[in-house]
Protein chains: 2
Amino acid sequence: MEDIFQETDLFEGLSTDQRDKIIKKGFHQVLKPKSILFQQGDPAERFYMVNTGRLKLTKLNEQGKEVIMRYIGAGELTAAITSLKDWEYPLTAESVEDTEVTGWDKAGVLNMIETYPKIAINLLNIVLTRIDDIQHRYLELSTERVEQRVARTLLRLMRSAGLKKTEGILIDLPLSRQNIADFSGTTLFTVSRTLSAWEKKGWIKSGREKITITAPHSLVLFSENA
Amino acid sequence: MEDIFQETDLFEGLSTDQRDKIIKKGFHQVLKPKSILFQQGDPAERFYMVNTGRLKLTKLNEQGKEVIMRYIGAGELTAAITSLKDWEYPLTAESVEDTEVTGWDKAGVLNMIETYPKIAINLLNIVLTRIDDIQHRYLELSTERVEQRVARTLLRLMRSAGLKKTEGILIDLPLSRQNIADFSGTTLFTVSRTLSAWEKKGWIKSGREKITITAPHSLVLFSENA
DNA sequence: ATCTTTGTTTGCGATAGCGCAAAGACAGCC
DNA sequence: GGCTGTCTTTGCGCTATCGCAAACAAAGAT
């Protein structure tokens with residue numbers, strides 16, 4: 001087994017051996033791009049960790065409007081809520097590229113916590129960090145204007161999926177205008193207009209489902225002061 | 001010690017004795033109305049549980065715009081994030097009425113988790129439930145219109161601070177139009193207009209910093225279908 | 001009882017952002 | 001190498017919501 005788990009938080013403080021033992025007990029799954037791992041509303045069986053690839057986590061409201069909660073990559077968790085209670089999945093997880101995940105059901109989680117209490121602490125840490133993050137996003141959504149939020153969205157994606165190229169930093173994901181809108185809390189049209197403007201300013205270069213940030217610093221400034 | 005802790009989740013599975021022992025180790029504090037318990041940005045020392053009374057949890061952005069994240073009452077926790085890592089308080093906690101809280105610092109938390117591992121599980125449960133809640137709120141903020149969000153805000157407050165009266169259910173909190181706006185992600189003016197309209201329809205009765213919901217069912221319908 | 005402060009209402013104009021429509025661009029496919 | 005389907009762009013009108021101003025109302029202070 002390779003060392004992609006090294007950097008994760010869940011197994012912090014555990015030996016490589018212990019980690020591997022836990023992973024071996026997990027339920028492994030390989031996903032082609034655009035596969036649904038689980039669907040919002042289904043009875044939640046497992047919580048998952050991404051090994052390689054990337055998942056898009058979306059949430060629908062009753063009227064069918066969609067919001068992207070986040071994109072997660074190697075080492076990140078989702079549906080942690082199912083680790084303890086009998087819930088329905090609160091959102092839908094879909095792969096955006098070839099992706100491998102490991103999942104554990106409730107019994108598995110309780111078992112690993114009993115065997116390695118440190119896991120509970122690690123989980124707590126991860127989950128508390130998520131709260132902080134989403135509260136911050138809530139504040140942004142509530143107080144900032146659309147353009148500012150779009151800027152923040154691009155920067156977030158850049159940090160989590162950025163790939164250095166000669167022209168700038170490529171967001172290494174198939175990313176449509178609609179995706180950006182769903183992530184920023186706005187519409188396809190407004191995103192398109194905004195990106196056009198930034199392209200004219202030379203801050204980004206964009207193609208079909210593809211964005212390269214050429215002037216990250218300008219975007220950062222804009223996202224903080226606009 | 002009275003039995004206000006009976007219904008809390010943090011001590012679930014523990015005996016009354018064990019619970020009291022933990023509480024005795026905590027740092028007790030009594031707050032007059034409108035006192036600051038802790039301020040966003042300050043180094044986080046303790047996490048708190050409300051014994052009696054109520055706290056308003058607010059978050060400011062860089063431009064000084066304020067959002068109310070939630071109101072919490074007996075048995076509920078805040079600043080749980082400080083229980084494990086060295087952070088700054090991510091928000092400000094202010095009492096809205098006479099309030100008593102108990103706090104524990106990092107060492108205290110680690111100690112109680114080691115002594116009673118069940119506490120870690122309980123904490124995890126609480127925190128996971130919070131994530132679910134705030135993700136849902138994020139979805140609402142992102143997809144719903146102002147009036148709908150105001151309706152949901154009133155209903156939330158009704159459920160957590162409602163007091164049955166002959167005319168309806170009184171929200172038992174000093175609650176200004178501005179507060180509702182900060183909680184719903186809108187402005188004082190829009191809230192005022194909205195409440196006026198609902199008062200004409202007979203759904204609510206309102207006074208200065210005081211709201212009674214006379215037709216909860218209409219509000220629920222409105223919040224779900226509007 | 002009067003003055004001051006703080007909260008509320010409402011009219012009115014301004015505007016950010018929405019959302020349709022129609023055209024253009026790109027990728028994949030037979 | 002043309003065809004089809006999906007994604008993107010942009011003009012344009014629309015409307016939900018904002019935010020000022022000014023008047024009003026209630027509570028607290030002297």
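Below, chains carry the letters A, B, ... as their sequence lines are ordered, and counting in each starts from 1.
- One side chain, B:S206 or B:R177, offers a donor N or O that lies under 3.5 Å from an acceptor on the other.
- Rounded to 10 degrees, the angle separating the terminal helix axes of the helix from C:dA1-D:dT30 to C:dC30-D:dG1, each built from five base pairs, is 40°.
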Please output the side-chain donor-acceptor pairs of residues 29-44 of chain A that fall under 3.5 Å, not counting sequence neighbours, one pair per line with the distance.
unit_1	atom_1	unit_2	atom_2	d
A:S35	OG	A:K32	N	3.3
A:S35	OG	A:K32	O	2.4
A:Q40	OE1	A:L60	N	2.8
A:Q40	NE2	A:L60	O	3.1

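- Identified under the salt bridge (Lys or Arg N to Asp or Glu O under 4.0 Å) test for residues 142-152 of chain B, with sequence neighbours left out: A:E62-B:R152, B:E140-B:R152, B:E144-B:R152.
- Within the structure, ring pair (Phe, Tyr, Trp, His ring centres under 6.0 Å) contacts touching residues 125-153 of chain A (residues at least two apart or in different chains) do not occur.
- Between B:E199 atom CD and D:dA25 atom C1' the separation is 14 Å, expressed in whole Å.
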Strictly under 3.5 Å: I want the nitrogen or oxygen pairs between protein and nucleotides 17-24 of chain C, one per line.
unit_1	atom_1	unit_2	atom_2	d
C:dG17	OP1	A:V146	N	3.0
C:dC18	OP1	A:T186	OG1	3.3
C:dC18	OP2	A:T186	OG1	2.7
C:dC18	OP2	A:T187	OG1	3.3
C:dC18	OP2	A:T190	OG1	2.5
C:dG19	O6	A:R193	NH2	2.4

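- Partners of A:N125 under the side-chain hydrogen bond (donor to acceptor under 3.5 Å, both in side chains) rule, at least two apart in sequence or in another chain, do not exist in this structure.
- Taking the side-chain hydrogen bond (donor to acceptor under 3.5 Å, both in side chains) definition, one finds that B:T92 meets it with nothing, sequence neighbours left out.
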Hey, what are the protein-to-nucleotides 2-8 of chain D N/O distances that come in under 3.5 Å?
unit_1	atom_1	unit_2	atom_2	d
D:dT6	O2	A:R208	NH1	3.2
D:dT6	O2	A:R208	NH2	2.8
D:dC7	O4'	A:R208	NH2	3.4
D:dT8	OP1	A:E209	N	3.1
D:dT8	OP2	A:R177	N	2.9

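- Applying the side-chain hydrogen bond (donor to acceptor under 3.5 Å, both in side chains) rule to A:S184 yields the partners A:T153; only residues at least two apart in sequence or on another chain are considered.
- The ring pair (Phe, Tyr, Trp, His ring centres under 6.0 Å) analysis of residues 148-195 of chain B, with sequence neighbours excluded, yields the pairs B:Y71-B:F183.
- The distance between atom CG of B:L141 and atom P of D:dT17, rounded to the nearest whole Å, is 12 Å.
- Residues satisfying the side-chain hydrogen bond (donor to acceptor under 3.5 Å, both in side chains) test with A:K201, not counting sequence neighbours, are none.
- Here ring pair (Phe, Tyr, Trp, His ring centres under 6.0 Å) pairs that include residues 205-226 of chain A, with residues two or more places apart or in two chains, are A:W198-A:F222, A:W203-A:F222.
- Close to D:dT10, at under 4.0 Å from its OP1 or OP2, lies a side-chain N or O of A:S196.
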